[in-house]
There are 2 protein chains.
Amino acid sequence: MHGHGPMTIGELSRRTGCKVETVRYYERIGLMPPAPRSAGRYRLYGEPDVRRLAFVRRARALGFAIDDVRTLLTLSRERRGGPCAEARQVAATHLAAVRAKIADLRAMERLLGDAVSLCATGEEPGCPVIEALADAPAAERGSARSRRGAAARRRRG
Amino acid sequence: MHGHGPMTIGELSRRTGCKVETVRYYERIGLMPPAPRSAGRYRLYGEPDVRRLAFVRRARALGFAIDDVRTLLTLSRERRGGPCAEARQVAATHLAAVRAKIADLRAMERLLGDAVSLCATGEEPGCPVIEALADAPAAERGSARSRRGAAARRRRG
DNA sequence: CTTGAGCCTGTAGCGACTACAGACCGTAAC
DNA sequence: GTTACGGTCTGTAGTCGCTACAGGCTCAAG
């Protein structure tokens, strides 16, 4: 077990920062190819696997859904250095979703911040946090939750 | 079935914008009390249920976890107009989580935006989206994913 | 030869719903 | 009466992306 030659799943895990269970999970769902096995049925990996898994982890860290990662992997395989309309489309769609989420969270931040700082002054009759929840107008359709659900449904097709 | 008197689950759903299945789910997990039943085993609700469910929906729309909502409900019951240190604590903790999430998403937004706009210029050799994923340094520990996981674990206790 | 770390498969759990299947209820029209 | 239709009932399984076991097997070091 020196530097070159195939590595075990634990070594792959150390090199990519991806947990062993997660690697096996990725194999199960087809995000990583089925690894060849040693005599004792241990999975064996090489440098291309390190690169592929690192790609997956970075895409996931940027918030791409598993299905998006699959698409991006395919695109990166078949179009090395070619046109990128499809990849740009996937990224642009995801970017829009990220921006929508940021907008939602900022709205939450403002409301929460207001309630908490009112609390801090201590001049209100009831707790401002509770009152904000009890007295605010009913939830509308265009809220954070609905939009999040819509995004998820879109992804699933 | 006119305006006053008890309403069915569908009417409660219409009045709060909360789906029928979600209302039943909330009852199952104890977020709503078990509703009294009609002769035909239909759930029956009154105005206090509308108020309670609206409270729950608003708290959820602000991103509070179910357990937080439970706490806030209890606090709103037992401390009407009293001190609010506990409620403020719950809200402040959640506010911090929201701010952390915003920071994560903004970092994603910046990276995605850069890659997509490089794509738009079309001057790069390979697709900038793919290249960004393939060539960037490996994921570190303090990434969006790890922090998200930590927050979830904290909430679960 | 024994220890111990690592690996294997398979399954269940998380949060917060959502989506059925298959039965039952209630009412209005015929 | 009866038929049609929509609402409601229970229970279960699916979603997403892992994570955490249990109960065994392998392999290298001492």
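Fair warning: this is a prediction, and the values are worked out from it, not measured in the lab. Residue numbering restarts at 1 for every chain, and letters A, B, ... go by the order of the sequence lines.
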Peer 1: What is the distance, rounded to the nearest whole Å, between atom CZ of R37(B) and atom C1' of dC9(D)?
Peer 2: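 Between C1' of dC9(D) and CZ of R37(B): 8 Å.
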Peer 1: Looking at R70(B), I'd like to know whether one of its side-chain N or O atoms comes within less than 4.0 Å of OP1 or OP2 on dA16(C).
Peer 2: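 Answer no for this pair, as no side-chain N or O of R70(B) is under 4.0 Å from OP1 or OP2.
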Peer 1: Taking only residues two or more places apart in sequence or in another chain, which ones pass side chain to side chain contact (heavy atoms under 4.5 Å, CB included) with L105(A)?
Peer 2: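 For L105(A) the side chain to side chain contact (heavy atoms under 4.5 Å, CB included) partners, ignoring immediate neighbours, are M108(A), V98(B), K101(B), I102(B), L105(B).
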Peer 1: Round to a whole Å and report the spacing from CD1 of I9(A) to C1' of dA5(C).
Peer 2: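 Checked: the CD1 to C1' distance equals 15 Å.
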Peer 1: Report the end-to-end axis angle of the helix from dC1(C)-dG30(D) to dC30(C)-dG1(D); each axis comes from five terminal pairs, and the value is rounded to 10°.
Peer 2: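 One end axis against the other gives 30°.
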Peer 1: Heavy-atom contacts under 4.0 Å between residues 19-34 of chain A and DNA chain C, which residues?
Peer 2: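 DNA chain C contact set from residues 19-34 of chain A: R24(A).
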Peer 1: Not counting sequence neighbours, list each pair that qualifies as a ring pair (Phe, Tyr, Trp, His ring centres under 6.0 Å) and has a residue in residues 90-122 of chain B.
Peer 2: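 Of all non-adjacent pairs touching residues 90-122 of chain B, those that pass ring pair (Phe, Tyr, Trp, His ring centres under 6.0 Å) are F64(B)-H94(B).
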Peer 1: Any donor and acceptor pair, going by atom type alone, linking the side chain of R51(B) with main-chain N or O of A134(A) inside 3.5 Å?
Peer 2: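 No, because the side chain of R51(B) does not come within donor-acceptor range (under 3.5 Å) of the backbone of A134(A).
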Peer 1: In whole angstroms, how far is the P atom of dT8(D) from the CZ atom of R14(B)?
Peer 2: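 R14(B) atom CZ is separated from dT8(D) atom P by 7 Å.
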Peer 1: Atom CD of E11(A) and atom P of dA28(D): how far apart are they, to the nearest Å?
Peer 2: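 Taking atom P of dA28(D) as the reference, CD of E11(A) is at 13 Å.
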Peer 1: Dump every N/O contact between nucleotides 23-25 of chain C and the protein below 3.5 Å, one line per pair.
Peer 2:
| unit_1 | atom_1 | unit_2 | atom_2 | d |
| --- | --- | --- | --- | --- |
| dC25(C) | O2 | Y42(B) | OH | 3.3 |

Peer 1: Just jot down the side chain to side chain contact (heavy atoms under 4.5 Å, CB included) partners of P36(A), sequence neighbours excluded, or say none.
Peer 2: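 Per chain and number, P36(A) pairs via side chain to side chain contact (heavy atoms under 4.5 Å, CB included) with no residue.
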Peer 1: Output the rounded distance in Å from CE (M7(B)) to C1' (dG26(C)).
Peer 2: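 Nearest whole value for this atom pair: 19 Å.
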Peer 1: Do the side chain of S13(A) and the main chain of I9(A) share a donor and acceptor less than 3.5 angstrom apart?
Peer 2: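 No, S13(A) side chain to I9(A) backbone: no donor-acceptor pair under 3.5 Å.
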Peer 1: Please name all residues satisfying side-chain hydrogen bond (donor to acceptor under 3.5 Å, both in side chains) with R106(B), sequence neighbours left out, ordered by chain then number.
Peer 2: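 Applying side-chain hydrogen bond (donor to acceptor under 3.5 Å, both in side chains) to R106(B) gives none.
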Peer 1: What is the distance, to the nearest angstrom, from the CG atom on L12(B) to the C1' atom on dT8(D)?
Peer 2: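 My rounded result for the distance is 14 Å.
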Peer 1: Could you give all pairs that pass the side-chain hydrogen bond (donor to acceptor under 3.5 Å, both in side chains) test and reach residues 24-36 of chain A, with sequence neighbours left out?
Peer 2: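 Qualifying pairs: Y26(A)-R57(A), E27(A)-R43(A).
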Peer 1: Can you measure D67(A) atom CG to dT15(D) atom C1' for me and round it to whole angstrom units?
Peer 2: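 D67(A) atom CG is separated from dT15(D) atom C1' by 12 Å.
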Peer 1: Please name all residues satisfying side chain to side chain contact (heavy atoms under 4.5 Å, CB included) with S38(A), sequence neighbours left out, ordered by chain then number.
Peer 2: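 In terms of side chain to side chain contact (heavy atoms under 4.5 Å, CB included), with neighbours along the sequence ignored, S38(A) is linked to Y42(A), L44(A).
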Peer 1: With respect to the phosphate group of dC9(D), does any side-chain polar atom (N or O) of R43(B) fall under 4.0 Å of OP1 or OP2?
Peer 2: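 The answer is yes; a side-chain N or O of R43(B) sits under 4.0 Å from OP1 or OP2.
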Peer 1: With sequence neighbours left out, write down each residue that passes side-chain hydrogen bond (donor to acceptor under 3.5 Å, both in side chains) with E21(A), or none if nothing qualifies.
Peer 2: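 With sequence neighbours excluded, E21(A) shows a side-chain hydrogen bond (donor to acceptor under 3.5 Å, both in side chains) to no residue whatsoever.
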Peer 1: Is it true that a side-chain atom of R52(A) and a backbone atom of L31(A) form a donor plus acceptor pair closer than 3.5 Å?
Peer 2: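 Yes.
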Peer 1: Ignoring hydrogens and angles, write down the donor-acceptor pairs under 3.5 Å from the side chains of residues 109-117 of chain B, residues two or more places apart or on other chains.
Peer 2:
| unit_1 | atom_1 | unit_2 | atom_2 | d |
| --- | --- | --- | --- | --- |
| E109(B) | OE2 | R99(A) | NE | 2.8 |
| S117(B) | OG | G113(B) | O | 2.9 |
| S117(B) | OG | D114(B) | O | 3.1 |

